[in-house]
> 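To start, I am sharing the structure in question, which I have written as structure tokens.
A note on names: the letters A, B, ... follow the listed sequences, proteins ahead of strands, and every chain is numbered from 1. All values below were derived from every heavy atom in this structure, side-chain atoms included, with hydrogens, water molecules and symmetry-related copies excluded.
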Amino acid sequence: MQEALETLAEAAGFKGNEGRLLSFYRAASVLKSLPCAVTSWSQLHGLPYLGEHSSRVIQVGACHGEWGEWGVLDLVELQETWFESQSESAGMYRKLLELLEHGTCEEVEQVRCSERHQTMKDRLFTQVFGVGVKTADRWYREGLRTLDDLREQPQRLTQQQKAGLQYYQDLSTPVSRADAEALQRLVEAAVRQTLPGATVTLTGGFRRGKSQGHDVDFLITHPEEGREVGLLPRVMSCLQSQGHVLYHQYHRSHLADSAHNLRRSSTMDAFERSFCIFCLPQPQQTALEGAPHPCLTRKAVRVDLVVTPNSQFPFALLGWTGSQFFERELRRFSRQEKGLWLNSHGLFDPEQFSMQLLRKMSSDSWALSTFPQSREMPELRNAHRGAAGLSFDQDSFQTGALPPHGLTCANGAVTSWDSRV
DNA sequence: CCGCAACCGGT
DNA sequence: ACCGGT
DNA sequence: GCGG
Ligand SMILES: Cc1cn([C@H]2C[C@H](O)[C@@H](COP(=O)(O)OP(=O)(O)OP(=O)(O)O)O2)c(=O)[nH]c1=O
Ligand SMILES: [Mg+2]
């Protein structure tokens with residue numbers, strides 16, 4: 001049932017309905033959090049996010065439902081769910097489907113067909129790095145059907161999409177933990193060469209214990225605050241000179257940017273995040289001797305490198321460990337229940353923006369009473385040791401330029417704000 | 001009826 | 001502004 | 001789709 005709800009969430013995403021997506025994911029998460037299996041309908045009553053619709057999905061799965069109460073949309077959704085998760089335990093869905101074929105036939109079949117098409121095309125194009133639901137949809141409506149169709153129109157492709165097509169096969173292959181560890185050694189070597197003492201932490205899905213991933217995520221920092229500045233460009237040049245970088249996109253942060261000096265230097269050099277495709281040597285295992293030959297094959301792998309000052313490391317680790325849904329819910333909880341704004345740089349109190357928060361956070365009791373569950377999340381429990389994650393110098397600082405927080409500050413005072421504030 | 005995490009880059 | 005990405 |  002959790003999978004069923006997650007499939008509905010995904011389907012909502014394909015239709016561009018972010019609200020439904022969230023609700024279905026939340027309902028699935030609530031089920032996961034239960035200490036034991038749900039055996040009766042009444043157990044669902046009162047659980048958050050298991051409202052009318054989600055409950056009905058479960059009700060039918062448990063064979064307690066009455067077909068007459070079902071609307072066309074519900075049936076189509078359930079059918080898609082069944083197709084996706086057609087393992088063994090899906091027998092009840094099959095019954096439902098066959099009943100469905102008898103009853104509302106014509107109309108349902110029509111919707112179903114179009115829906116099938118929708119998902120089919122989505123699967124084909126959205127897999128390409130740089131192609132999302134909107135673009136896949138548009139291309140399909142324009143009559144494009146195959147990857148080669150896309151390759152024939154290179155002038156219409158973004159650089160990202162070109163890379164996505166070029167490395168399509170490798171990038172659709174899951175990344176193994178062994179690959180991730182090999183990449184870590186590669187990155188560590190480059191980092192060691194650039195700034196001894198800097199550390200490389202495997203994060204993202206692999207830190208959560210996944211055995212495979214769609215990419216590899218790393219956090220880089222240095223125990224001495226400030227030493228990390230300018231590190232990433234040097235690491236990237238190093239890796240580039242070794243021929244490991246197939247594609248890259250650099251990101252700066254408003255915080256890091258304005259933190260050190262306010263010269264708006266477009267020095268082009270001040271990026272702190274690199275979002276790339278690496279070329280990873282694949283060990284060639286000869287069947288008999290098992291001695292790996294170095295580098296006969298190479299594989300393209302998506303890699304994310306993030307450099308963070310040591311003071312912000314707890315927040316970066318928390319933010320980049322995921323999952324995506326966990327991060328979204330945590331930030332929503334922080335803002336809605338605690339009135340604090342959380343991102344991967346820090347936790348911000350919009351009232352008394354910086355100084356008081358620093359003091360508050362310097363006590364264990366504050367961290368624990370604010371986030372009781374943080375006992376299970378060491379990086380959050382220790383977050384206060386890294387202070388609030390606000391960087392500034394004596395002249396001025398921006399608490400995030402306009403787009404993120406809408407506030408501009410100088411010497412601790414708000415000097416301008418935008419309409420949202 | 002409204003909000004739904006919070007960012008950055010390319011076109 | 002919209003779409004891509006994390 | 002759900003909660004406020
Ligand atoms: C995609 C995404 C990720 N993140 C954070 C949490 C993720 O765990 C982390 C890395 O992103 P991803 O690499 O996209 O996610 P993942 O590592 O958990 O899973 P996968 O195995 O598919 O690589 O970045 C967000 O905060 N928001 C997002 O929308
Ligand atoms: Mg990942």
> Can you tell me the distance, in whole Å, between the NE2 atom of A:His251 and the P atom of B:dC8?
10 Å
> What does A:Gly19 touch in the nucleic acid at a heavy-atom separation under 4.0 angstrom: a base, only the sugar-phosphate, or nothing?
base
> With a 4.0 Å heavy-atom cut-off, tell me which residues in residues 151-166 of chain A come close to DNA chain B, sorted by residue number.
A:Thr158, A:Gln159
> If you measure only the distance, is there a donor-acceptor pair under 3.5 Å linking the side chains of A:Asp170 and A:Thr173?
no
> Verify the neighbour count for atom CZ of A:Arg332: are there more than 12 heavy atoms of other residues, nucleotides or ligands below 6.0 Å?
yes
> Any side-chain donor-acceptor pair under 3.5 Å between A:Thr221 and A:Glu228?
no
> If each of A:Gln249 and A:Glu329 is mapped to the nucleotide of DNA chain B with the nearest heavy atom, which maps nearer the 5' terminus, i.e. the 5' end?
A:Glu329
> Tell me whether the NZ or CZ atom of A:Arg273 lies within the 45° cone about the ring axis of A:Phe275 and under 6.0 Å from its centre.
yes
> In whole angstrom, what separates A:Leu21's CG from B:dA5's C1'?
13 Å
> From NE2 of A:His345 over to P of B:dC7, roughly how many Å is that when rounded to an integer?
8 Å
> Between P on B:dA5 and CG on A:Leu347, what's the gap in Å once rounded to a whole number?
17 Å
> Counting any heavy atom closer than 4.0 Å, what does A:His248 reach on the DNA or RNA strands: base, sugar-phosphate only, or nothing?
nothing
> OP1 or OP2 of B:dC4 less than 4.0 angstrom from a side-chain nitrogen or oxygen of A:Arg331, does that happen here?
no
> Can you tell me the distance, in whole Å, between the CD atom of A:Gln336 and the C1' atom of D:dC2?
12 Å
> Please test A:Asp137 against A:Lys134 for salt bridge (Lys or Arg N to Asp or Glu O under 4.0 Å), starting from the C-alpha separation and ending with a verdict.
CA-CA 5 Å; A:Asp137 190 66; A:Lys134 308 274 184 177; over 6 Å; no
> Could you check how far CD of A:Glu327 sits from C1' of B:dA5, rounded to whole Å?
9 Å
> If you find the nucleotide of DNA chain B closest to A:Tyr247 and the one closest to A:Arg332, which residue's nucleotide is nearer the 5' end?
A:Arg332
> In whole angstrom, give me the gap between the P atoms of B:dC4 and C:dT6.
22 Å
> Categorize A:Asn17 for me: base, sugar-phosphate, or nothing, with a 4.0 angstrom heavy-atom threshold over every strand shown.
nothing
> Write down the distance between CD (A:Glu337) and P (B:dA5), rounded to a whole number of angstrom.
13 Å
> Report yes or no: does A:Arg151 contribute a side-chain atom to a donor-acceptor pair with the main-chain N or O of A:Leu165 at less than 3.5 Å?
yes
> Just the endpoints, please: which first and last nucleotides of DNA chain C, 5' to 3', lie under 4.0 Å from a heavy atom of chain A?
C:dC3 to C:dT6
> Could you give the NZ-to-P distance, from A:Lys338 to B:dA5, as a whole number of Å?
18 Å
> Strictly by modelled atom types, are A:His345 and A:Gln312 linked by a side-chain donor-acceptor pair under 3.5 Å?
yes
> Check for me whether A:Arg145 meets the cation-pi criterion with A:Tyr140, that is, NZ or CZ under 6.0 Å from the six-membered ring centre and within 45 degrees of the ring axis.
yes
> Salt bridge check: are A:Arg138 and A:Glu142 linked by an N-O gap of less than 4.0 Å?
yes
> Hey, does A:Val131 reach any base, or is it just sugar-phosphate, or nothing, if we go heavy atoms under 4.0 Å?
sugar-phosphate
> Considering only the P atoms, how many Å lie between B:dC7 and D:dG1, rounded to the nearest integer?
29 Å
> Got a salt bridge between A:Glu18 and A:Arg328, using NZ or NE/NH1/NH2 to carboxylate O under 4.0 Å?
yes
